[in-house]
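All ligand and atom numbering here is 1-based and tracks the order in the structure.
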Amino acid sequence: MIILIKKETTPETLTHISDFLIQNGITVEKSENSLCYVWTASGNTTAVDEGQLMAFDGVIEVRKTSSPYPKAAEYSGKVTVGNIVFGEAPVIIAGPCSVESEEQITEIAQMVKKAGATMLRGGAFKPRTSPYSFQGLGKEGIDLLVKAKKKTGLPVVSEITDISQLEYFNDVDIIQVGARNMQNFSLLKELGANTKKPILLKRGMSNTVRELLLSAEYIMKEGNENIILCERGIRTFETATRNTMDISAIPVLKSMTNLPVIADPSHGTGLSSLVTPMSMAAIAAGANGLIIEVHNRPENAVSDGVQALNISEFSNLVTKINKLNNCIIEK
Ligand code: PEP
Ligand code: MN
């Protein structure tokens, strides 16, 4: 960390700044140029609040030279689910927004498997904007999803909205933290400390990629390094789509971390007709996989039917993604 301090600063204030750093376990190398004092601080500078330093009289600038998310920045592992490895062939997670019934989730599971999906999704604890909307089947929804997993062999992904639900997720392979909970720091910490299952961390609708990585860091710091990042669209002034799918976030994230990055063009666009082009764009931009909402009868879906692909659309999507991926590999 570099601290720039005005030349006119009194010796008392310089001592205060120095004492503050020492109290925080920081060692300082002091130098100066013709314009200002230049202090180079080393030690656990991540824990030092820049704002607190800026509050000292005379401090002009505090520049951190170490990463604010060291674990996410230095991650060098591989996130795996059984023999599925994120970072190899694109992982295609497909299924309904919500688990609605045994018949619905079983039929969709069988269909998406046949079409080439690698994993099954299905929401049971649904964070809905309106308290009057369908809230999900809860534990029963998880049980039905797990039944579909047993029938098809597809690993499953489902969203958690509160740490008290964790006990129901024993047979769930990936735990999703949705956009609305990306900065639910107590949930992130609990997940980091209490499970080693991969966490699918979705970008909040008004969050930067930096904030997404800091949220990943919350989980990693507590001991769970199995994080999959997900771009799912952000809120902008544009109203033609439900969200603005930030394709550039994919290569940006990949330049900042080796954690896998997947894309959710269903929530990213909110319209089924845009899911295939945005899926292609995401894979071309380097995404390691996709999470796609698919329904056997989109017109009857209890949530997000307008963005759900039917089974033949999903099947065509998988064919296109496989062709595109072959071109990428050949390059
Ligand atoms: C979902 O995946 O069903 C969901 C609610 O996603 P998001 O958190 O991205 O809105
Ligand atoms: Mn949904």
Side-chain angles (χ1 to χ4, degrees), residues 91-100 104-105 108 112 117 119-131 133-138 141-142 144-145 156-162 165 169 172-184 187-188 191 198-209 211-212 215-216 227-236 241-247 249-250 253 261-272 274-275 278-279 282 287 289-310 314:
V91 175
I92 302 183
I93 305 167
C97 179
S98 300
V99 177
E100 298 170 17
Q104 174 246 21
I105 192 65
I108 296 173
V112 295
M119 296 187 70
L120 175 67
R121 64 152 286 153
F125 296 98
K126 297 299 302 174
R128 304 304 301 282
T129 302
S130 165
S133 301
F134 176 67
Q135 302 287 307
L137 295 181
I142 299 281
L144 297 177
L145 187 68
V156 293
V157 182
S158 199
E159 177 168 356
I160 195 166
T161 55
D162 190 280
Q165 298 151 1
F169 282 70
V172 171
D173 301 274
I174 295 182
I175 303 176
Q176 175 175 319
V177 173
R180 289 156 191 80
N181 275 313
M182 189 205 90
Q183 287 192 314
N184 182 340
L187 176 63
L188 302 180
L191 287 170
I199 307 294
L200 170 53
L201 181 62
K202 291 183 136 194
R203 180 179 180 183
M205 54 192 87
S206 300
N207 287 109
T208 62
V209 291
E211 288 163 343
L212 175 59
S215 289
I227 314 289
I228 302 148
L229 304 168
C230 180
E231 165 56 38
R232 49 76 74 203
I234 50 173
R235 207 164 252 191
T236 68
T241 48
R242 178 177 177 181
N243 288 297
T244 296
M245 185 77 193
D246 183 7
I247 295 291
I250 298 162
L253 280 166
V261 180
I262 69 166
D264 174 351
S266 306
H267 295 89
T269 65
L271 293 166
S272 62
L274 301 180
V275 169
M278 286 298 106
S279 296
L290 299 166
I291 179 163
I292 308 284
E293 287 189 342
V294 179
H295 203 283
N296 49 350
R297 286 179 265 290
E299 64 284 6
N300 292 342
V302 298
S303 59
D304 287 351
V306 68
Q307 67 193 35
L309 297 188
N310 65 32
F314 175 67

| field | Between R242 and Q307: side-chain donor-acceptor atoms closer than 3.5 Å | value | yes

| message | Suppose we measure from atom 1 (C) of ligand 1 to each protein heavy atom; which comes out shortest, and what is that distance? | response | H267 CE1, 3.2 Å

| Under 4.0 Å to a heavy atom of G178 - the qualifying atoms of ligand 1, by number | 8 (O)

| message | Checking Q165 against T161: is there a side-chain donor and acceptor pair closer than 3.5 Å? | response | yes

| query | Got the closest protein heavy atom to atom 8 (O) of ligand 1, with its distance? | reply | A179 N, 2.7 Å

| task | Assess whether atom CZ of R128 is packed by more than 12 heavy atoms of other residues, nucleotides or ligands within 6.0 Å. | result | yes

| field | Salt-bridge criterion met for E293 and R121 (N-O under 4.0 Å) | value | yes

| field | Under 3.5 Å: donor-acceptor pair, side chain of Q135, backbone of L137 | value | no

| request: Check ligand 1 against E293 and write out every atom of the ligand that is under 4.0 Å from a heavy-atom position of the residue. | output: 3 (O)

| field | Distance-only donor-acceptor check, side chains T269 and T241, under 3.5 Å | value | no

| Which ligand 1 atoms does R232 reach within 4.0 Å, using its non-hydrogen atoms? | 7 (P), 9 (O), 10 (O)

| note | For atom 6 (O) of ligand 1, the closest protein heavy atom turns out to be K202 NZ, 2.9 Å

| Is it the side chain (CB and beyond), the backbone, both or neither of M205 that lies under 4.0 Å from ligand 1, heavy atoms counted? | neither

| Listing residue and atom name, which protein N/O/S atoms are closer to the Mn ion (ligand 2) than 2.8 Å? | C97 SG, H267 NE2, E293 OE2, D304 OD2

| Check: A301 main-chain N/O paired with R297 side-chain donor or acceptor under 3.5 Å | no

| Per-atom contacts, ligand 1 versus E159 - under 4.0 Å to a heavy atom | 4 (C), 5 (C)

| said: Tell me whether K126 has any N or O atom under 3.5 angstrom from an N or O of ligand 1. | reply: yes

| task | Tell me yes or no: between the side chains of Q104 and N296, is some donor less than 3.5 Å from an acceptor? | result | no

| task | For the residue pair H295 and D304, confirm or rule out a side-chain donor-acceptor distance under 3.5 Å. | result | no

| For the side chain of T244 and the backbone of R235, is there at least one donor-acceptor N/O pair under 3.5 Å apart? | no

